[in-house]
Number of protein chains: 2
Amino acid sequence: MKRKIYLETTPLNEAIEKWLRRLETEKILNPFSSENIQVRDSLGRITAEPVIAKLSSPFYHSSAMDGYAVRYTETFGASETSPIKLKIGEQTVYVDTGDPIPDSFNAVIMIEDVNLVRTQSTEHRIQTDEYIEIIEPVTPWQHVRAIGEDIVATELILPENHKIRPVDIGAMLAGGHVEVKVRKRPKIVIIPTGTEIVEPGVVLKKGDIIEYNSRVLGGLVSEWGAETLRFRIVRDNFDEIKKAILEAHGTGDMVVVNAGASAGSEDFTTGVIEDIGEVILHGVNIKPGKPVILGLVGGKPVLGIPGYPVSAYITFNVFARPVIYKWQGRDIEEPEKLTAILSRQVASPLGQEEFLRVKIGKVGDKFIATPVSRGAGVLMSLVRADGFVRIPEMSEGIGAGTEVGVELLRTKNEIENTIVCIGSHDNTLDLLSNFLKKRYPKLSLSSAHVGSMGGLIALKRGEAHIAGTHLLDEETGEYNIPFIKSLLPDRKIVLVNLVYREQGLLVLKGNPKNVKGFKDLAREDVFFINRQSGAGTRLLTDKHLKEHGINTKDVQGYEREEYTHMGVASAVLTGLADTGLAILASARALGLDFIPVAKERYDIAIPMEFYNTGMIQNLLSIVREDNEFRETVVNLGGYDITDMGKVMYMKR
Amino acid sequence: MKRKIYLETTPLNEAIEKWLRRLETEKILNPFSSENIQVRDSLGRITAEPVIAKLSSPFYHSSAMDGYAVRYTETFGASETSPIKLKIGEQTVYVDTGDPIPDSFNAVIMIEDVNLVRTQSTEHRIQTDEYIEIIEPVTPWQHVRAIGEDIVATELILPENHKIRPVDIGAMLAGGHVEVKVRKRPKIVIIPTGTEIVEPGVVLKKGDIIEYNSRVLGGLVSEWGAETLRFRIVRDNFDEIKKAILEAHGTGDMVVVNAGASAGSEDFTTGVIEDIGEVILHGVNIKPGKPVILGLVGGKPVLGIPGYPVSAYITFNVFARPVIYKWQGRDIEEPEKLTAILSRQVASPLGQEEFLRVKIGKVGDKFIATPVSRGAGVLMSLVRADGFVRIPEMSEGIGAGTEVGVELLRTKNEIENTIVCIGSHDNTLDLLSNFLKKRYPKLSLSSAHVGSMGGLIALKRGEAHIAGTHLLDEETGEYNIPFIKSLLPDRKIVLVNLVYREQGLLVLKGNPKNVKGFKDLAREDVFFINRQSGAGTRLLTDKHLKEHGINTKDVQGYEREEYTHMGVASAVLTGLADTGLAILASARALGLDFIPVAKERYDIAIPMEFYNTGMIQNLLSIVREDNEFRETVVNLGGYDITDMGKVMYMKR
């Protein structure tokens, strides 16, 4: 009964074409039928037929001004020396803006341009006849909004397949429409599967995985104009999955099963689709996202979407989105694109098209793309990414400095308002990022953590606006300045202090291995976790090891590297290591004990050409003047803000 | 009681600054407080505080592969010649992808890389011990997703003031959040006022104006992330408007009164706001949109928005939007901009900043901006516009060919997929526009009607992709070709027939003035409506007048010009004129009688460089092959499609 289909390896374009062509052949790609809805509720919906004006707007000649309607022929000859009088009620009538022009009248004189004249009648003692007096002739149809000035009955207001905007609602109402025929919204049923999957909010036990993919995919469905029906969580069981798909199939236009799309012992999706329908394709040559299933059951698309969140996001975009758009009579808009320079070399497996996530910053006049984490399981790589670089199937990678096309996930404007910070990590940078967004919602701070040395090199290469650095020169005991002088000899750099901070050895609460200082790192039962070379903290480690006369070969785990303080703290907390050197804030964050080792200076290096930009000055105003920010830093613990914001050095 | 405030004339930037500064001083611009909502329902909402991970994801070490968990130290030395056996259940355990790595294990071997070995136990006859055999050592933590690989507890997932996207929902759920604090949505109450204003759908009488502005403004409010409460229609009456504002003030954060913002006899809004609060500003130097009122009542903004739809749209964008954004902790994103070449001269009043609406087309590698109707009452100018050009207060206009900055209302992509058609108007072009959107949703056809000659000149200037033309050469009796040869001597042009069509004199049903042909245009009681010079129909008129020996001076209304067939038909229908020359389709559309005069050829002229583009070929495929389109044209009446799509001439 359970037939096992092994993964194929179809190239992406071939897979998309095969999929869409098949759906087209089966007439499953046709635009959906229509439904009548109120025009006033139609924002964002798609017209299912052209909207033709039923009425003209205005539908009568109306006055464009407050004034008097006249017959223009009766004004001929008027001048200052021989004004013409027109009798109110007979030769002229008062009209407000928007009032209909009475029949037989054909122009309007603005109220400012007439004199009102009252004449005592001789025949009837009490009656007062009124006239207006004018001193200029008028042109035909002056100040008259003619019928159809805005909309002429029978004209096309909106074409078919048009996404309705606020102004379109106004035009349809003005054109006499109260209802409009729009495309029915496609209904997409998303079935989360997995015996280990649990609803968010339940008490977790080891092995549980919080279900969130259906909410990400559901959000995308909303953004694409369709509706999501989220199914209950279904266990990894052939019959239960089969039952779920059949039930979903009855209510939705497309069924999405997440996950069980791979070929593992608990991956039943392929088998079920084979059983009740047809698998059109299983497996596509992309990274991440390979184990996708495209199927058909009873004339409706059924997709098996992989479980890793980035794989799910990418395959759903690639295979579900075009179908959902076609059903609404829409074509997918090309993503906004940008040409950027790749900041570092990326190797990529031959034979797979990779969707590389990158952060982008505009540094000077160049856009710089820096790859973020590439794991299929790292959803934060999508949260942080500004766009995708697609590395072609037949490429083994891209060299640093290469121009690449980036499909944007954020607007160019947002990217241009992002401060790119590359260098050492400190927890106050996360705080600063948040305060920047709070005080200047337009601005963002994007940090990449590559160590202090990496930050200065990024400045040198023109890949960052600012760099966080805490490099201690062993010989002089001076921070940062010697390194700036030697690494950036020809650049004007301003060095601004952020904080002084405590570095120390992190250990589990209660210090079970009784680590007292650097000398204990030579013990055989103490496993250390190191920082990457080029990190200020690595230099500090090496300095202390040297002072204690310890050979790095004698330190268990010296070769195992983390890239951030929090990475070190996490390694200690989870037992990957017994101890590591990091800042106090990271110990506090994860509830670890802290053995102080040194107080060090953490500065921000800023090239002069960026120092005076509004963006950087806004950032510095928070560092220098924002008391709430400064207090929050102090409350983190282990920080001394005596020199916060002070210029420590300026190289001209 | 009723104090009349006259319009001031504050420049736009000054007005915006005065308005926002005043609101800031009164602390009315602060971001709103927060509310807790379900993360799964938070798409598009704005975070009111940073979202910090409560949990790591994964929160336990888990397997990244289907395979066997091992202790890496126990694999040292394994090779093909000396494989190592590990006992299942003791030295190794089977794990599926996502399963927790049991304590004391620290690496995973993929299932493909092990041999399963069964050994018959000697002690117990039946029991089967199982081993895996490996031929390679593993690296520490190989194929293990470590705790926090995606998210580390305490790290910043989202900053404050962040608009929540689908991936953000996933990250918050993964980080242990079920609820999120988001900004409360601002509530904007919109009060439509005016004794002449009626609800859409009622039976109309002369003088009625359909209320649609509140729906346009309400749509904008939705797009800006806030909520609209639409008030009932209120009559032009001081006390009723006062009562309405006070009622609205109790429920909303901002009150918008539309209209009554001017200084006419029925404009009460200023007086009411003065009575119950304060008018901060009345009148701003923009066109359209001058008579706007910015007021404060009991600590809440109250806006008087002008009644003309374009004025309402612009002033609401300029003055309400920044407030609604600030309340949500957001800054307005800069509109996408583009540099384009203005296709024709525009004069603009000195002392007013004009928001000129333009259509844009990418013709060759230039973007061409062509002004559309400038009336404040022409909502269709916004429906049709691709963007705004702002003409500064101190400018008297912009010359043709000048580079201008355009703030886009459509994306650059949409604009690049727009076929620009300038020239003569024919109803089949509206049809073609609709069919193009129906068959190729990505493409649009934008038509500007400037007459046949104007179209050829637009081609010459590189401002259009195609031009509709029906120019009859009196001498040769030939259509279009002589004009192309003389106007575009050095261009390669393809001339494709669209239709043959009937031109004739339009008259009211029953022909009350008994017009029988061109000779009747010389009658004193017959008022004619003409087409603009350069129109093919104007040439046809002149040819027939000449044949009848009629002097144009003897034609009543010869100097009054319309720009389209529908314009002529509308003028006849509404009594602006007794007759005019136009195509049969326009008579049918408005139920007019038609006196045939001539059958003429209507072609599309296409420069060779555009002829072979995909965009134009798609358009021509409809003209040439789409039977539904062709039938619909025939059903319009008065069209002969014998040569539809045929190349009539090709100049190389």
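Proteins come first, then strands; the chains are lettered A, B, ... in the order of their sequence lines, and each starts at number 1. Keep in mind that the numbers below use all heavy atoms, side chains included, and drop hydrogens, waters and symmetry copies.
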Segment of [X] engaging chain A (4.5 angstrom heavy-atom cut-off):
{"X": "B:R560", "result": "side chain"}
{"X": "B:E199", "result": "neither"}
{"X": "B:I332", "result": "backbone"}
{"X": "B:K337", "result": "neither"}
{"X": "B:I157", "result": "both"}
{"X": "B:A569", "result": "neither"}
{"X": "B:Y325", "result": "neither"}
{"X": "B:V178", "result": "side chain"}

Looking at [options], which has the largest count of heavy-atom pairs under 4.5 Å with chain B?
{"options": "A:L409, A:I151, A:T97, A:L204", "answer": "A:L204"}
{"options": "A:N213, A:V216, A:L217", "answer": "A:V216"}
{"options": "A:R230, A:E223, A:E211", "answer": "A:E223"}

For the side chain of [X] and the backbone of [Y], is there at least one donor-acceptor N/O pair under 3.5 Å apart?
{"X": "B:D150", "Y": "A:M380", "result": "yes"}
{"X": "B:D430", "Y": "A:L156", "result": "no"}
{"X": "A:Y60", "Y": "B:D208", "result": "yes"}
{"X": "B:R145", "Y": "A:G377", "result": "yes"}

Distance (rounded to the nearest 0.5 Å) between [X] [atom1] and [Y] [atom2]:
{"X": "A:Q38", "Y": "B:R215", "atom1": "CD", "atom2": "CZ", "value": "9.0 Å"}
{"X": "B:L576", "Y": "A:N106", "atom1": "CG", "atom2": "CG", "value": "9.0 Å"}
{"X": "A:S373", "Y": "B:E149", "atom1": "OG", "atom2": "CD", "value": "6.5 Å"}
{"X": "A:E49", "Y": "B:N434", "atom1": "CD", "atom2": "CG", "value": "9.5 Å"}
{"X": "B:K437", "Y": "A:R330", "atom1": "NZ", "atom2": "CZ", "value": "10.0 Å"}
{"X": "A:K205", "Y": "B:F59", "atom1": "NZ", "atom2": "CZ", "value": "8.5 Å"}

For residues [X] and [Y], report the shortest heavy-atom separation together with the two atoms involved.
{"X": "B:V383", "Y": "A:A171", "value": "CG2-CB, 3.7 Å"}
{"X": "A:L173", "Y": "B:I210", "value": "O-CD1, 3.6 Å"}
{"X": "A:L379", "Y": "B:V167", "value": "CD2-O, 3.9 Å"}
{"X": "B:G219", "Y": "A:P166", "value": "C-CG, 3.5 Å"}
{"X": "B:S222", "Y": "A:L43", "value": "CB-CD2, 3.8 Å"}

Chain A contacts, top residue of [options] (heavy-atom pairs, under 4.5 Å):
{"options": "B:P58, B:S62, B:G170", "result": "B:G170"}
{"options": "B:V152, B:I169, B:L220", "result": "B:L220"}
{"options": "B:A571, B:S444, B:G207", "result": "B:G207"}
{"options": "B:G201, B:P50, B:P309", "result": "B:P50"}
{"options": "B:N427, B:L158, B:V310, B:N161", "result": "B:N161"}
{"options": "B:A174, B:G148, B:S586", "result": "B:A174"}

### Task
Output yes when A:K438 and B:E160 qualify as a salt bridge under the 4.0 Å nitrogen-oxygen rule, no when they do not.
yes
### Query
Charged N to carboxylate O under 4.0 angstrom, B:R165 versus A:E414?
no
### Task
Could you point out which residue of A:E336, A:E334, A:E333 forms a side chain to side chain donor-acceptor pair (under 3.5 Å) with B:T411?
A:E333
### Part of A:R410 within contact of chain B (heavy atom distance under 4.5 Å)
side chain
### Task
Measure distances from A:A64 to the heavy atoms of chain B and classify the residue's part below 4.5 Å as side chain, backbone, both or neither.
both
### Message
Can you confirm whether more than 12 heavy atoms, excluding those of B:K412, are under 6.0 Å from its NZ atom?
### Response
no
### Query
Above 12 or not: heavy atoms from other molecules or residues under 6.0 Å from NZ of B:K442?
yes
### Query
Would you say B:T154 and A:M566 make side-chain contact, with heavy atoms under 4.5 Å?
yes
### Query
Does any non-hydrogen side-chain atom of A:K206 lie less than 4.5 Å from one of B:D103?
yes
